[in-house]
Engineer: 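I have a structure I would like to understand better, so I am pasting it below and will then ask my questions one at a time.
Naming: A, B, ... by sequence-line order, numbering from 1 per chain. These figures come from a predicted structure and were not determined experimentally.
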Amino acid sequence: MPSAPINEDSHLYLIDASAYIFRAFHALPPLSRASDGLPVGAVAGFCNMLWKLLEELKGDERPTHFACVFDKGSYTFRNDLYPDYKANRDEPPEDLRPQFPLVREASIAFACHALEMEGFEADDLIATYARQAEAKGARVTIVSSDKDLMQLVTDKITMLDTMKSKHLGIEAVYEKFGVGPEKVVDVQALAGDSTDNVPGAPGIGVKTAATLLGEYGTVEELLAHAEEIKQPKRRQTLIDFADQVRISKQLVKLDDNVPVETPLEDLAVCDPDPVTLIEFLEKMEFRTITRRVRETFEAEGVLEEPTQGEVGFDKENYVCVRDFKTLEDWIARAYDAGVIAVDTETDSLDCQLCNLVGISIAVAPNEACYIPLGHIDPDHTGGGDMFDADPPRQINKAEALKALKPLLEDKAILKVGQNIKYDYTVFARNGITLAPIDDTMLLSFALHAGMHGHGMDELSERYFHHTPIPFKEVAGTGQKQITFDRVPLDKATEYAAEDADVTLRLWQMFKPRLHKERVTTVYETLDRPLIPVLADMERHGIKVDRDFLSRLSSDFQQRMAGLEDAAYKAAGQEFNMGSPKQLGEILFGEMDLPGGKKTKSGQWSTDASQLEYLAAQGHELPQIILDWRTLSKLRSTYTEALQDAINPETKRVHTSYSMAGAQTGRLSSTDPNLQNIPIRTEEGRKIREAFIAEEGNVLISADYSQIELRLLAHIADIDALKNAFKDGLDIHAMTASEMFDTPIEGMDPMVRRKAKAINFGIIYGISAFGLANQLGIERGEASDYIKAYFEKFPGIRKYMDETKAFAKENLFVKTAFGRKLHLKEMGSKNGAQRAFAERQAINAPIQGSAADIIKRAMIAMPEALAKKKLDAKMLLQVHDELIFEVPESQAEDTIKLVQSVMQKAPLPALQLSVPLDVEAKAAKTWAEAH
DNA sequence: GCGATCACG
DNA sequence: GACGTACGTGATCGCA
């Protein structure tokens with residue numbers, strides 16, 4: 001959630017959304033969605049209003065903070081004061097009711113914060129935020145024409161009636177009420193309000209009220225002097241209805257002190273995401289506004305325009321291939337095309353377990369087919385009873401694969417896929433080595449990292465304005481979801497052939513752009529060649545000792561039970577130890593412990609730093625919770641989950657690496673994540689003992705030592721650091737020695753620790769706050785350290801300034817091997833967003849270059865091992881570490897080779913001015929090898 | 001589906 | 001002078 005400070009330069013816009021909806025519903029002609037008749041008139045009005053407003057506000061008037069405010073529930077504190085408050089209101093009309101949630105959806109699609117709070121009207125929230133902003137000197141515009149809000153108007157706070165395009169200030173208030181904003185509530189208290197059922201004093205209207213207040217100032221004063229009033233009728237009314245007037249004043253007076261949950265700063269404006277917004281508008285079937293919004297985004301260059309001469313999608317053209325003759329036709333067409341898109345359909349997301357269900361192939365836009373191979377009851381005649389089904393009328397899987405294999409392995413035919421590592425693995429498990437290949441997901445990643453996601457649906461939407469059939473539309477969702485082998489063939493064909501079609505079109509669009517964007521080398525030498533390497537690692541998997549994990553799990557379980565008893569005793573009650581909410585209430589509510597800190601959602605923070613603070617003061621419960629949490633984490637995430645991850649067929653654990661997940665070009669690991677296996681604590685390290693080598697083999701772990709700091713030394717060209725690495729010095733001690741002017745010999749470990757934190761901080765785009773947090777010191781002290789560091793290493797500051805300047809100018813940064821990360825927020829007006837982008841700009845080239853280097857090592861590794869006739873298999877990558885499994889007799893030779901390949905990985909593309917050091921060790925378990 | 005928490009580099 | 005912040009990830013849990 002973006003956040004920005006509020007000051008004199010800020011301008012907050014608050015949209016009175018609930019009032020708008022009612023007004024739009026009655027003022028605008030009814031409108032219903034063409035496809036299903038859902039009434040959407042008020043939603044359309046709301047979207048139009050919001051869009052027009054946002055367009056008008058571009059340029060100097062651009063708000064810095066923006067929110068839509070809604071009523072929630074119908075019961076507020078005013079009903080306690082006066083049960084008849086708003087009692088005259090009818091239920092909202094039938095046609096309006098379904099539109100409320102849609103309007104909330106709309107405001108989210110427009111990236112507007114939607115605010116609401118039980119027990120308060122939208123007006124109270126508006127009052128609270130408006131006053132808060134005003135107190136900080138900001139300007140406020142309330143978008144509403146509701147006269148009840150006029151009491152808020154000041155020289156800083158104005159109102160905007162969008163339907164009449166009128167700005168309302170203090171003058172308008174005088175016009176309407178005959179008094180200034182500060183007396184509006186008094187007028188309303190006397191005159192009453194029939195729409196809200198505020199009684200007021202009978203017979204007194206706005207005019208009279210204004211006259212009376214001109215004389216007496218306030219309602220209280222007036223009532224106190226009611227006896228003096230000359231007109232007998234008016235005098236009597238005021239005496240008789242004094243209490244009613246007092247209550248009325250309370251009813252109309254807005255509460256500007258609501259305990260709001262979202263801090264004002266968090267209402268910072270945020271540009272709507274073009275794709276999300278257009279998706280919503282299309283779903284609503286708002287033709288005109290969708291077109292207008294799209295044209296604006298295209299003109300601004302944030303949404304891709306459709307290429308000229310593009311062919312529309314026509315799924316009628318897709319073919320279901322169910323006989324061998326037709327299959328041969330398609331194979332011939334594929335050879336003619338030279339480039340084809342391929343997609344496999346399976347019965348599971350896990351490519352190590354799944355069965356091949358069908359294959360789709362596209363040879364040109366709209367020219368695509370689906371070849372069902374493993375569908376149950378393809379004619380959908382069995383009514384769910386497989387025994388009654390007709391014999392499946394689909395080509396025999398083995399025969400089809402035999403016919404396809406030459407095509408799929410033909411050097412002259414390029415096979416394009418979206419996330420093709422998945423399909424590569426499926427084919428590999430069916431005896432086919434897919435080659436040569438291209439991956440549209442990775443093409444998009446090389447071209448657009450940081451600009452948008454790289455999933456097929458998103459890319460199709462963004463580049464073709466075409467929404468592919470959602471998977472859940474063919475397979476259903478939740479409990480009722482079916483596997484793809486049960487999808488009827490007509491639907492399966494539409495879905496699968498379309499995926500191949502879209503993929504081919506994406507390839508046609510992206511491939512020529514590589515060169516223009518100067519990312520050809522990144523894609524061709526780092527990403528594409530890594531696909532088969534990773535696929536092989538994933539498929540090989542790593543052996544895990546299930547019994548060992550199971551024993552560890554029971555041990556943890558027993559100790560957790562003990563801690564639970566102790567915790568209940570300390571707390572004086574039973575509670576759910578896994579619930580931060582319950583824990584917070586006990587610690588800071590009932591036990592009233594000190595130092596309670598907020599979280600974003602307003603709950604007590606109970607994270608480790610808070611609990612450690614309390615434990616240090618000698619409180620018992622926090623320490624118990626800390627210990628319990630450690631065990632609970634280890635058990636649920638590791639000892640239990642890892643057992644479940646063992647593949648029943650291979651008896652090994654197969655992770656899946658994502659190549660387009662991390663913005664910097666790092667890999668990430670999922671299902672299970674094997675890149676975050678514990679090591680930092682004694683307890684957690686035990687889990688690594690469960691990762692073992694096959695009988696007669698050992699595991700080898702080889703890791704780059706300090707690779708990111710070495711890259712910093714190289715990229716920023718710092719002689720002192722480079723020499724330290726060349727001389728094999730302890731880099732943190734060396735930094736400390738320079739900064740604090742003390743000898744390395746006999747150095748206080750605390751001093752070295754500080755220097756180490758600073759070294760890491762530099763890589764992260766340092767701030768005094770972050771460093772202070774890390775070291776548990778005052779911000780001033782941290783600030784002094786940073787100053788001392790930059791004085792000793794002025795080259796680092798120069799590098800940081802230059803990198804930020806480059807990023808600001810180009811809106812991207814590059815790694816040493818040319819990988820780009822786009823940072824569109826570098827130009828953001830929002831200070832916090834921009835600062836974040838600046839830190840990314842510092843960090844990404846370093847983290848990304850390290851990722852490039854280990855990728856190069858991984859790509860070179862299989863061939864280097866084969867050349868030395870070593871049987872080592874690369875199993876895992878953990879950012880700066882590679883894990884291998886190798887026959888015990890080859891361990892020594894493998895270590896030497898692996899070290900050499902890793903050290904030389906940057907060559908010949910890049911000659912680093914610092915040496916790369918690789919530490920490697922062989923052992924029976926990962927715990928010992930590391 | 002999301003926030004809080006915590007595991008790793 | 002005030003503001004909000006360390007960089008990059010994924011899994012699990014409680015809770016709405």
Side-chain angles (χ1 to χ4, degrees), chain A residues 1-10 136-137 263-266 268 575-584 599-611 625-626 629-630 632-638 640-642 645 655-658 661-681 683-685 687-688 703-704 706-708 757-758 760-775 779 782 786 821 830-848 850-851 854 877-881 930:
Chain A
M1 202 58 99
S3 184
I6 289 264
N7 53 37
E8 288 82 358
D9 300 328
S10 307
K136 298 208 168 179
L264 183 55
E265 289 76 18
D266 286 2
F575 65 103
N576 185 341
M577 301 204 22
S579 164
K581 190 176 175 224
Q582 292 182 30
L583 176 63
T599 83
K600 267 194 191 121
S601 62
Q603 271 170 24
W604 297 110
S605 166
T606 68
D607 65 14
S609 70
Q610 283 296 301
L611 297 184
I625 301 287
L626 281 168
R629 276 206 189 143
T630 307
S632 162
K633 178 80 175 182
L634 294 177
R635 193 175 121 88
S636 64
T637 311
Y638 300 105
E640 285 297 302
L642 275 174
T655 184
S656 171
Y657 289 103
S658 162
Q663 309 267 306
T664 53
R666 270 193 178 179
L667 300 178
S668 74
S669 158
T670 59
D671 308 308
N673 181 355
L674 295 186
Q675 290 182 321
N676 72 346
I677 303 301
I679 190 166
R680 291 174 186 173
T681 63
E683 211 68 81
R685 193 183 274 261
I687 290 163
R688 291 198 175 209
D703 69 282
Y704 286 109
Q706 313 282 13
I707 187 167
E708 292 191 356
I758 291 169
F760 277 108
I762 293 294
I763 291 172
Y764 297 153
I766 199 155
S767 74
F769 180 94
L771 183 63
N773 235 7
Q774 182 65 38
L775 284 173
R779 209 192 313 200
I786 295 171
L821 170 60
N830 180 325
Q833 273 178 36
R834 197 178 52 247
F836 182 44
E838 284 175 357
R839 291 196 296 275
Q840 288 181 309
I842 304 289
N843 175 258
I846 302 169
Q847 189 182 114
I854 197 166
Q877 188 251 43
V878 192
H879 309 307
D880 63 359
E881 175 187 11
H930 187 84

Engineer: Any idea which of dA7(B), dC13(C), dC6(B) is nearest the S636(A) side chain?
Structural biologist: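 From the listed options, dC13(C) comes nearest.
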
Engineer: For R779(A), report the nucleic acid contact type (base, sugar-phosphate, nothing); a contact means any heavy atom under 4.0 Å.
Structural biologist: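 Contact class for R779(A): base.
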
Engineer: So what does S632(A) touch, heavy atoms closer than 4.0 Å: a base, only the sugar-phosphate, or nothing?
Structural biologist: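 Contact class for S632(A): none.
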
Engineer: Across the strands shown, which category fits Q582(A) at heavy-atom distances under 4.0 angstrom: base, sugar-phosphate, nothing?
Structural biologist: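 Since only primed, P, OP1 and OP2 atoms lie under 4.0 Å of Q582(A), the category is sugar-phosphate.
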
Engineer: I need the I762(A) CD1 to I786(A) CD1 distance, nearest 0.5 Å.
Structural biologist: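 Nearest 0.5 Å value for the CD1-CD1 distance: 7.0 Å.
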
Engineer: 5'-most contact on DNA chain C: F836(A) or N676(A), nearest heavy atom basis?
Structural biologist: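 Whichever sits nearer the 5' end wins; that is F836(A).
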
Engineer: Tell me which nucleotide among dC13(C), dC8(B), dA6(C) gets nearest to the side chain of F769(A).
Structural biologist: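 Given the options dC13(C), dC8(B), dA6(C), the side chain of F769(A) is closest to dA6(C).
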
Engineer: Which nucleotide, in any strand shown, forms a Watson-Crick or G-U wobble pair with dA2(C), with both distances under 3.5 Å?
Structural biologist: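 Paired with no nucleotide.
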
Engineer: When the C1' atoms of dT5(C) and dA7(B) are compared, how many Å lie between them, rounded to an integer?
Structural biologist: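 Looking at atom C1' only, dA7(B) and dT5(C) are 22 Å apart.
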
Engineer: With a 3.5 Å cut-off and no angle check, do the side chains of T599(A) and S605(A) form a donor-acceptor pair?
Structural biologist: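 Note: T599(A) and S605(A) side chains miss the donor-acceptor criterion.
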
Engineer: How far apart are the C-alpha atoms of E265(A) and K136(A), what are their side-chain angles, what is the distance that settles it, and do they pass the salt bridge (Lys or Arg N to Asp or Glu O under 4.0 Å) test?
Structural biologist: CA-CA 11 Å; E265(A) 289 76 18; K136(A) 298 208 168 179; 3.3 Å; yes

Engineer: What is the distance, rounded to the nearest whole Å, between atom CG of L611(A) and atom C1' of dC6(B)?
Structural biologist: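 For the pair L611(A) CG and dC6(B) C1', the rounded distance is 12 Å.
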
Engineer: What's A641(A) touching, base or sugar-phosphate or nothing? Going by heavy atoms closer than 4.0 Å.
Structural biologist: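 A641(A): backbone/sugar contact only, no base atoms under 4.0 Å.
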
Engineer: Does dA7(B) have OP1 or OP2 under 4.0 Å away from a side-chain N or O of R680(A)?
Structural biologist: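 For dA7(B), neither OP1 nor OP2 has a side-chain N or O of R680(A) closer than 4.0 Å.
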
Engineer: Shortest non-hydrogen contact from P678(A) to L634(A)?
Structural biologist: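 So the two residues come closest at CG-CD2, 3.6 Å.
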
Engineer: How close do A851(A) and G665(A) get, heavy atom to heavy atom, and via which atoms?
Structural biologist: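 Heavy atoms of A851(A) and G665(A) come nearest at CB-O, 3.7 Å.
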
Engineer: Within the structure, does a side-chain N or O atom of T606(A) lie under 4.0 Å from either OP1 or OP2 of dT5(B)?
Structural biologist: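 Affirmative; the distance criterion is met.
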
Engineer: Would you mind reading off the distance between M577(A) atom CE and dA4(B) atom P, rounded to a whole angstrom?
Structural biologist: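 Roughly 20 Å, once rounded to whole Å.
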
Engineer: Tell me: CD1 of I687(A) to P of dC6(B), nearest whole Å?
Structural biologist: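 So the CD1-P distance, I687(A) to dC6(B), works out to 16 Å.
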
Engineer: I want to verify a distance call: between dG4(C), dT5(B), dC7(C), whose nearest atom is closest to the D607(A) side chain?
Structural biologist: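 Among the listed nucleotides, the one closest to the side chain of D607(A) is dT5(B).
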
Engineer: Classify the nucleic acid contact of N673(A) as base, sugar-phosphate or nothing, counting any heavy atom under 4.0 Å across all strands shown.
Structural biologist: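 Sugar-phosphate, backbone atoms only, no base.
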
Engineer: Any side-chain donor-acceptor pair under 3.5 Å between Q840(A) and Q663(A)?
Structural biologist: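 Side-chain D/A pair, Q840(A) to Q663(A): absent.
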
Engineer: Need one value for G661(A): base, sugar-phosphate or nothing, where a base atom within 4.0 Å counts as base even if backbone is also close, heavy atoms only.
Structural biologist: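 Contact class for G661(A): sugar-phosphate only.
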
Engineer: Would you say T637(A) places a side-chain N or O within less than 4.0 Å of OP1 or OP2 belonging to dT12(C)?
Structural biologist: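 Checking T637(A) against dT12(C): no side-chain N or O falls below 4.0 Å of OP1 or OP2.
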
Engineer: Categorize A662(A) for me: base, sugar-phosphate, or nothing, with a 4.0 angstrom heavy-atom threshold over every strand shown.
Structural biologist: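 Sugar-phosphate: the residue A662(A), judged by heavy atoms under 4.0 Å, touches backbone atoms but no base.
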
Engineer: I want to verify a distance call: between dT5(C), dC6(B), dA7(B), whose nearest atom is closest to the Y638(A) side chain?
Structural biologist: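 For the Y638(A) side chain, the nearest candidate turns out to be dA7(B).
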
Engineer: Is R666(A) paired with E708(A) through a side-chain N to carboxylate O contact shorter than 4.0 Å?
Structural biologist: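 Yes, E708(A) and R666(A) are salt-bridged.
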
Engineer: Of the listed nucleotides (dA4(B), dG8(C), dA6(C)), which one gets closest to any side-chain atom of P580(A)?
Structural biologist: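 That would be dA4(B).
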
Engineer: Have a look at G831(A) and say if it touches a base, only the backbone sugar-phosphate, or nothing, with a 4.0 Å heavy-atom cut-off.
Structural biologist: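 Since no nucleic acid heavy atom lies under 4.0 Å of G831(A), the category is nothing.
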
Engineer: Rounded to whole angstrom units, what separation is found between the CD atom of E838(A) and the P atom of dA6(C)?
Structural biologist: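 Taking CD of E838(A) and P of dA6(C), I get 15 Å after rounding.
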
Engineer: Counting any heavy atom closer than 4.0 Å, what does R629(A) reach on the DNA or RNA strands: base, sugar-phosphate only, or nothing?
Structural biologist: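 Since only primed, P, OP1 and OP2 atoms lie under 4.0 Å of R629(A), the category is sugar-phosphate.
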
Engineer: Any N or O donor-acceptor pair linking the side chain of Q847(A) to the base of dC7(C) at under 3.5 Å?
Structural biologist: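 Yes, a donor-acceptor pair under 3.5 Å.
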
Engineer: Regarding S658(A), tell me which of base, sugar-phosphate or nothing describes its non-hydrogen contacts under 4.0 Å with the strands shown.
Structural biologist: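 The answer is nothing, as S658(A) stays clear of every strand by at least 4.0 Å.
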
Engineer: Does S668(A) make a side-chain donor-acceptor contact with the base of dT9(C), cut-off 3.5 Å?
Structural biologist: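 Between dT9(C) and S668(A), which were checked side chain against base, a qualifying N/O pair under 3.5 Å is absent.
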
Engineer: Nearest whole Å is fine: how far is dG8(C) C1' from R666(A) CZ?
Structural biologist: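 It works out to 5 Å between those atoms.
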
Engineer: Kindly point out which of dG9(B), dA7(B), dG8(C) is positioned nearest to the side chain of T630(A)?
Structural biologist: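 Between dG9(B), dA7(B), dG8(C), the one nearest the side chain of T630(A) would be dA7(B).
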
Engineer: When the P atoms of dA6(C) and dC6(B) are compared, how many Å lie between them, rounded to an integer?
Structural biologist: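 So the two P atoms sit 15 Å from each other.
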
Engineer: Looking at dA7(B), I'd like to know if its phosphate oxygens (OP1 or OP2) sit under 4.0 Å from a side-chain N or O belonging to Q675(A).
Structural biologist: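 No, outside the criterion.
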
Engineer: Measure CG/L583(A) against P/dT5(B) and give the value in whole Å, please.
Structural biologist: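 In whole Å, dT5(B) P and L583(A) CG are 9 Å from each other.
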
Engineer: Determine the contact category for N7(A): base if any of its heavy atoms lies under 4.0 Å from a base atom, sugar-phosphate if only primed atoms, P, OP1 or OP2 are that close, otherwise nothing.
Structural biologist: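 No contact.
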
Engineer: Look at the side chain of K633(A) and the base of dC6(B), then say whether one donor and one acceptor between them are separated by less than 3.5 Å.
Structural biologist: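 Counting by modelled atom types and ignoring angles, a donor-acceptor contact under 3.5 Å is found here.
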
Engineer: Once rounded to the nearest 0.5 Å, what's the spacing between atom CZ of R779(A) and atom CG of N773(A)?
Structural biologist: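 Going from the CZ atom of R779(A) to the CG atom of N773(A) covers 9.5 Å.
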
Engineer: Is K581(A) near enough to dA16(C) that one of its side-chain N or O atoms lies under 4.0 angstrom from OP1 or OP2?
Structural biologist: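 For dA16(C), OP1/OP2 do have a side-chain N/O of K581(A) under 4.0 Å.
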
Engineer: Check step by step if side-chain contact (heavy atoms from CB on, under 4.5 Å) holds for R685(A) and I677(A).
Structural biologist: CA-CA 8 Å; R685(A) 193 183 274 261; I677(A) 303 301; over 6 Å; no

Engineer: Under 4.0 Å between any heavy atoms, over every strand shown, what does Q663(A) touch: base, sugar-phosphate, or nothing? Just pick one.
Structural biologist: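 Sugar-phosphate, backbone atoms only, no base.
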
Engineer: Please pick, from dT5(B), dC7(C), dA6(C), the nucleotide with the shortest atom-to-atom distance to any side-chain atom of Q774(A).
Structural biologist: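 Given the options dT5(B), dC7(C), dA6(C), the side chain of Q774(A) is closest to dA6(C).
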
Engineer: Contact class for I679(A) vs. all strands (heavy atom < 4.0 Å): base, sugar-phosphate, or nothing?
Structural biologist: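 Sugar-phosphate contact only - I679(A) comes under 4.0 Å of backbone atoms but never of a base.
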
Engineer: Taking only N and O in the side chain of T670(A), is any of them less than 4.0 Å away from OP1 or OP2 of dG10(C)?
Structural biologist: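 No.
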
Engineer: Expressed in angstrom and rounded to an integer, what is the separation of E683(A) atom CD from dC6(B) atom P?
Structural biologist: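 That distance rounds to 16 Å.
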
Engineer: Please determine whether a side-chain nitrogen or oxygen atom of R839(A) lies at a distance below 4.0 Å from atom OP1 or OP2 of dT5(C).
Structural biologist: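 Checking R839(A) against dT5(C): no side-chain N or O falls below 4.0 Å of OP1 or OP2.
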
Engineer: Rounded off to whole Å, could you give me the CG-to-P distance for the L626(A) and dT5(B) pair?
Structural biologist: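 Rounded to the whole Å, the gap is 12 Å.
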
Engineer: With sugar-phosphate meaning primed atoms plus P, OP1 and OP2, does D671(A) contact a base, only sugar-phosphate, or nothing at under 4.0 Å between heavy atoms?
Structural biologist: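 Sugar-phosphate, backbone atoms only, no base.
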
